[in-house]
2 protein chains.
Amino acid sequence: MTDNKRAILTGAARVIARQGVRGLRVADLAAEAGVSTGLVYYHFKDRPGILRHALAFIGDRADRYTATAQGPTAAHPPDRRTLLEQTLLLEFQDVPEVRENSTAWGELRAHSVFDPELREELAAAGAAWVAEVAGHLAALCPDAPAGAVTAAAERLTALLEGLSARWLSGLLPLEHARGLLREAIRVEIGRLGSLGERID
Amino acid sequence: MTDNKRAILTGAARVIARQGVRGLRVADLAAEAGVSTGLVYYHFKDRPGILRHALAFIGDRADRYTATAQGPTAAHPPDRRTLLEQTLLLEFQDVPEVRENSTAWGELRAHSVFDPELREELAAAGAAWVAEVAGHLAALCPDAPAGAVTAAAERLTALLEGLSARWLSGLLPLEHARGLLREAIRVEIGRLGSLGERID
DNA sequence: GTACATTGACTGAAAGTTTAGTCAGCAGGC
DNA sequence: GCCTGCTGACTAAACTTTCAGTCAATGTAC
């Protein structure tokens, strides 16, 4: 991949984060990437092609920065609870790259209501994420029934999306969003724990 | 308000639900409402004006159909818990008008990330809604601290928005979404109850 | 009760603007 | 000489916005 092609993709993420999927103008994108409009078409054929590739690119990037949670940075092995919190809270960082990625991803999610083409990619990513969270929860509450664990994971991820939308549109301060989510994790773990006890 | 003005607003809700905010073409809207494009500008000045009024209209409509929960239909007074559940679950109905309203509202919410003009109205509606839910919760758990009640209300409404987005894009079946939300209500009430006890 | 003036809702075509997509051609490595 | 990467002016279509003017209703002076 040439430097310019990569520049177009990172530019696409930036423009989508700034103006939304439908607000993405090919001329803006070219300007953002510092190339001509012609080059955009040379590499990506047409507008839907740009969007498709941008999606994959943004998804990859999100995987990469959430993966750093388990990275070799931790000197002593982090406990499961911290791992779970990080997996979820990493979405709430006021770092330009993360915020940009979150915004673009949220926009794609919202856009998928009107564009069936996007749903497949989105559904797969969403399911994988629920499974990851459910994995952490199951490890923390080994006695809780599997159904309840999955439901808790679905609630936590859906809550995260709802909070993220409010944060990104400035309706909810970042720290408040993080606090609400942390509390929700505590509440859900508490509930799973009590379910486990009852089953004993 | 003239019939045609109202027709334009209901048409706007329908077109936004079908094509999204950015997919709304003034010509489409005029056709949907059965009027000329000129009339749209006569009543609403410009495209942003259409969106602003449509948002208010859709918000009002949502208030109206969630308000029926407390209506005179109930022979014996419904308990607070049922009232709370209905307030939240009424958003999840597969009735065309409700679905259309939810879709359009969700779209405007998502769009507000990129359009500061829409945020004020949205913030007010969101705050009122959190307050309503908090009111029900406070009545159910009179001993819980006010801060915890508000936080629970914020979580429940944010969760609802997250679940709603998934439902509307076909990623989550309606009944599943309802079940998850009902459970979340139970969990949050349980937590508020235990907080009340500790304070005694 | 009828001629005249005024107003608000409304139309449709035309003007103006924005946007996706094309194309002829340049530069440089092989 | 030819392939790949690249340019930017250009076109056609899509879209928003304006505007001159129609029409029905309402008032009002005689």
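A note on names: the letters A, B, ... follow the listed sequences, proteins ahead of strands, and every chain is numbered from 1. What you see is a predicted model, and the numbers here were worked out from it, not measured in a lab.
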Treat primed atoms plus P, OP1 and OP2 as sugar-phosphate and everything else as base, then score nucleotides 5-18 of chain D 5' to 3': B for base contact with protein heavy atoms under 4.0 Å, S for sugar-phosphate contact only, - for none.
-> BSBBB-----SSBB
B:Ser36: side chain to side chain donor-acceptor pair (under 3.5 Å) partners, not counting sequence neighbours = none
When the distance from CZ of A:Phe44 to C1' of C:dT22 is rounded to whole Å, what number comes out?
-> 18 Å
Salt bridge or not for A:Arg61 and A:Glu100, using N-O below 4.0 Å?
-> yes
Partners of A:Arg166 by side chain to side chain donor-acceptor pair (under 3.5 Å), sequence neighbours excluded?
-> B:Thr157, B:Glu161
Per-nucleotide protein contact string for nucleotides 25-30 of chain C (B base, S sugar-phosphate only, - none; heavy atom under 4.0 Å) = ------
Whichever hydrophobic residues join B:Val130 through chains of side-chain contacts under 4.5 Å = none
Non-neighbouring partners of B:Arg81 that pass side chain to side chain donor-acceptor pair (under 3.5 Å), sequence neighbours left out = none
Salt bridge check: are B:Arg52 and B:Glu121 linked by an N-O gap of less than 4.0 Å?
-> no
Show your reasoning for whether salt bridge (Lys or Arg N to Asp or Glu O under 4.0 Å) applies to B:Glu85 and B:Arg80.
-> CA-CA 9 Å; B:Glu85 281 207 348; B:Arg80 275 283 184 171; over 6 Å; no
Would you call B:Glu183-A:Arg191 a salt bridge at under 4.0 Å N-O?
-> yes
